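Working notes, beginning with the structure itself.
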Protein chains: 2
Amino acid sequence: MKEENSYEQIRSLFTGYMTDCKLRKTPERYAILECIYHFTGHFNAEMIYQKLVVNFRVSLATVYNTFEHLETCKLIIRHQFGGKLTQYEKAFGTQIHNHLVCTQCKNIKEFTDKQLRIAIQTKTFSKFDISHYSLYVYGTCSKCKEKIVSIQ
Amino acid sequence: MKEENSYEQIRSLFTGYMTDCKLRKTPERYAILECIYHFTGHFNAEMIYQKLVVNFRVSLATVYNTFEHLETCKLIIRHQFGGKLTQYEKAFGTQIHNHLVCTQCKNIKEFTDKQLRIAIQTKTFSKFDISHYSLYVYGTCSKCKEKIVSIQ
DNA sequence: TTTGTTGCAAAACGTTTGCAGCCTC
DNA sequence: GAGGCTGCAAACGTTTTGCAACAAA
């Protein structure tokens with residue numbers, strides 16, 4: 001898999017998208033992209049805003065606005081794992097993966113499964129163009145299993 | 001698949017759950033369950049509330065409260081298909097199915113795939129107890145594809 | 001009688017919007 | 001210079017909470 005995407009590569013992808021859509025290339029948008037690039041794991045608008053606002057003048061509204069564009073050009077993927085919180089993750093420099101969601105502690109673990117991926121991706125729908133997919137597997141993680149056992 | 005679950009069967013499942021958890025068997029909870037039983041397709045708290053309130057004294061808060069219990073005892077499944085709205089569906093009397101979500105018009109179609117279902121369900125995780133799963137496939141539906149073509 | 005559950009209204013929360021000013025093109 | 005984008009604050013819609021009254025056990 002393409003594990004090595006430099007910031008410059010990602011940035012030029014975003015620039016290309018903005019040019020195509022006649023969007024303006026503002027410093028805010030690049031700052032948000034760069035912040036996401038250096039971020040590990042899942043994030044939301046508030047988290048990126050908090051990280052940036054320390055030494056950069058941005059507003060939450062701009063973060064939301066930029067996320068929308070990043071989502072359409074597939075640089076980030078939006079998730080909603082049961083809670084009300086919308087979470088995102090980078091869609092570059094990472095393998096396609098699925099999510100194990102613990103319904104007790106809400107923790108999320110990732111897993112990859114080549115067979116599953118192929119099964120989903122090769123499925124064709126006569127009247128539907130697939131863009132991407134999300135598989136969420138819900139259950140109880142090992143830590144919470146222990147807790148339940150110890151209570152009984 | 002078990003396509004024939006009478007309301008009485010479902011009701012007694014719920015009763016059993018409430019007994020086990022030492023919850024009170026209130027008329028409101030049964031009214032909400034019955035309303036859901038007769039509902040087709042996806043629904044949310046507001047929809048059930050609106051249907052019930054016509055000839056029954058309930059509050060939205062109670063609907064939310066009851067949904068939480070119905071979710072834990074797996075009589076309903078919670079979904080969040082990208083939008084901010086939380087949607088639910090019955091988890092009885094229906095086949096396990098996946099969702100095709102159109103990113104343009106937000107319409108949702110269901111599809112079943114036995115092979116996929118088996119592939120997911122037989123996947124075992126050493127430290128994780130699977131309860132259920134949701135597969136969302138995002139893309140563009142036929143109607144929206146036409147629109148895009150006609151614009152260009 | 002006890003205390004879980006209710007309706008109601010207010011609050012909370014994440015997200016969106018309206019607008020005047022700014023800055024990219 | 002035009003108008004897309006910004007920050008700010010107010011508004012929004014869904015969900016949660018606090019509380020006194022109610023009713024299941």
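Quick note on labels: first sequence line is chain A, next is B, and so on, each numbered from 1. Predicted model, so just to flag it, every value in this text is computed and none were measured.
More than 12 heavy-atom neighbours from other residues, nucleotides or ligands sit within 6.0 angstrom of NZ on A:K123.
The backbone N or O of B:R24 lies less than 3.5 Å from a partner atom in the side chain of B:R29, making a donor-acceptor pair.
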For nucleotides 10-22 of chain C, just jot down a letter per nucleotide in 5' to 3' order: B, S or -, based on protein non-hydrogen atoms under 4.0 Å.
----SBBB-----
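Here the P atom of nucleotide C:dT5 and the CG atom of B:L70 are 13 Å apart, to the nearest Å. Between the C1' atom of D:dC5 and the NE2 atom of A:H69 lies a distance of 9 Å, rounded to the nearest Å. C:dT2 atom P lies 22 Å from atom CG of B:L23, rounded to whole Å. Distance A:M18 CE to C:dC25 C1': 13 Å, rounded to the nearest Å.
When the options B:I76, B:L75, B:L23 are evaluated for a side-chain contact (heavy atoms from CB on, under 4.5 Å) with B:H69, the one that passes is B:L23.
Remark: B:K25 is not positioned above the aromatic ring of B:Y30, lacking an NZ or CZ atom under 6.0 angstrom from the ring centre and at most 45 degrees off the axis. In this structure, A:K106 forms no cation-pi arrangement with A:F81, as its terminal cationic atom is not both closer than 6.0 Å to the ring centre and no more than 45° off the ring axis.
An OP1 or OP2 oxygen of C:dT6 is reached within less than 4.0 angstrom by a side-chain nitrogen or oxygen of B:N65.
Legend: residues meeting salt bridge (Lys or Arg N to Asp or Glu O under 4.0 Å) with B:E71, ordered by chain and number and at least two apart, are B:R78.
No side-chain donor from either of A:H38 and A:Y7 sits under 3.5 Å from a side-chain acceptor of the other. B:E89 and B:H97 share a side-chain donor-acceptor pair at under 3.5 Å.
Using a 4.0 Å cut-off on heavy atoms, the residues of residues 24-32 of chain A that approach DNA chain C are A:R24, A:K25, A:P27, listed by number.
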